[in-house]
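Written below as structure tokens is the structure these notes are about.
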Amino acid sequence: MKKKLILGLVMVMALFSLAACGGGGDVVKTDAGDVTQDELYEAMKDKYGSEFVQQLTFEKVLGDKYKVSDEDVDKKFKEYKAQYGDQFAAVLAQSGLTEKTFKSQLKYNLLVQKATEANTDTSDKALKEYYKTWQPDITVSHILVADEKKAKEVEQKLKDGAKFSDLAKEYSTDTATKENGGQLAAFGPGKMDPAFEKAAYALKNKGDISAPVKTQYGYHIIQMDEPATKTTFDKDKKAVKASYLTSQLTNENMQKTLKKEFKDANVKVEDKDLKDAFKDFDSSSSEKSSK
């Protein structure tokens with residue numbers, strides 16, 4: 001999940017929009033004086049104006065070219081909800097979000113993602129180069145415990161013939177997966193803690209089980225459910241392309257894409273107080289400042 005500040009921006013943005021459209025009425029009344037909507041708008045504009053106008057502008061620019069459906073947003077929302085399990089509501093609350101405002105931010109993120117993918121070279125030449133080091137997704141189950149002693153206890157039970165899914169339900173502290181026998185969603189390289197990923201990919205056959213693996217979350221015992229099966233470029237091309245596009249969703253590439261979309265949309269900032277809001281996206285202003 002994104003940083004708390006970035007996610008919390010959506011909530012404040014709603015207040016910002018309300019203040020901007022309120023027509024100058026009072027927001028708060030006190031015996032010492034009232035706080036007007038105009039005062040709220042100006043204060044928020046001074047502090048957060050650049051961030052707000054950037055996102056609102058790019059939502060319009062990208063939304064005109066790329067489509068993100070409610071189904072797309074709901075799918076991504078459910079992924080986060082499954083990932084955080086029982087802690088999801090608490091994580092939202094800590095970030096100052098409701099489900100509605102979180103979905104709003106998810107939609108914006110998906111627009112940026114689609115724009116970046118559309119501006120990525122996916123020719124056979126690029127994909128074949130990526131294919132040389134590409135590894136397919138794998139599916140594993142895990143049992144997460146707090147310490148090595150407990151991990152070794154679980155390991156011994158497995159050696160004695162206990163069923164992995166039963167032990168996951170009994171011992172795992174991962175509340176998002178324990179009731180499902182510890183099974184995780186399929187993943188590829190770069191998606192997990194490095195130590196976890198290395199141990200998982202070292203399991204070559206279905207049913208193979210790792211020794212306890214230490215990560216920042218505790219100790220894991222990993223079971224291979226669906227191993228990687230790399231065949232030929234033509235057969236794997238669809239999966240290769242999807243993995244390649246994901247690998248290209250870096251901050252650098254997304255920033256590069258937004259600069260291109262900004263230029264193509266012929267954006268003009270009319271409010272003098274916000275004239276520098278897009279300086280990081282406007283190559284012409286960068287050229288002027290460097291001269």
Quick one: does [X]'s side chain have a donor or acceptor within less than 3.5 Å of a partner on [Y]'s backbone?
X	Y	result
D282	F278	no
T173	L144	yes
D72	S69	yes
D208	L203	no
D166	K163	no
Q54	A277	yes
T120	L245	no
D26	T36	no
D147	K149	yes
S243	A239	no

- Angle class for the F102/F77 ring planes (parallel below 30°, perpendicular above 60°, tilted otherwise)? tilted
- Message: Can you tell me how the ring of Y217 sits relative to the ring of H220, calling it parallel under 30°, perpendicular over 60° and tilted otherwise?
- Response: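 The arrangement is perpendicular - the two ring planes meet at more than 60°.
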- Message: Is there a side-chain contact between E155 and P212 in this structure, where contact means two heavy atoms from C-beta onward sitting under 4.5 Å apart?
- Response: yes
- Message: Within the 4.5 Å heavy-atom criterion, are K159 and Q156 side-chain neighbours or not?
- Response: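 A side-chain contact exists here, since the closest heavy-atom pair is under 4.5 Å.
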So does [X] pair up with [Y], basic N to acidic O under 4.0 Å?
X	Y	value
E153	K150	yes
K237	D124	yes
E226	K206	yes
K60	D64	no
K178	E170	no

Closest heavy-atom pair and its distance - [X], [Y]:
X	Y	result
I221	I209	CG2-CG2, 3.6 Å
D264	K65	OD2-NZ, 4.4 Å
L249	Q113	CD1-CG, 3.5 Å
K259	D280	CE-O, 2.9 Å
E179	K169	O-CE, 3.5 Å

Single-linkage hydrophobic cluster, 4.5 Å side-chain cutoff, [X] and [Y] together:
X	Y	result
L97	L110	yes
V213	Y219	no
F164	I222	no
V140	Y171	no
V68	M254	yes

- Under the side-chain contact (heavy atoms from CB on, under 4.5 Å) criterion, do Y80 and V91 qualify, and how do the steps go? CA-CA 10 Å; Y80 278 113; V91 172; over 6 Å; no
Counting only heavy atoms not in [X], do more than 12 fall under 6.0 Å of its [atom1]?
X	atom1	value
K67	NZ	yes
E79	CD	yes
K114	NZ	yes
N251	CG	no
K241	NZ	no

Any side-chain donor near an acceptor of the partner, [X] and [Y], under 3.5 Å:
X	Y	value
Q223	D225	yes
N109	K107	no
Y66	E261	yes
T231	D236	yes

- Task: Please determine if K230 forms a cation-pi arrangement with Y131, meaning its NZ or CZ atom is less than 6.0 Å from the six-membered ring centre and no more than 45° off the ring axis.
- Result: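 Pair K230/Y131 counts as cation-pi.
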- Item | Pair Y201 and F196, ring centroids less than 6.0 Å apart | no
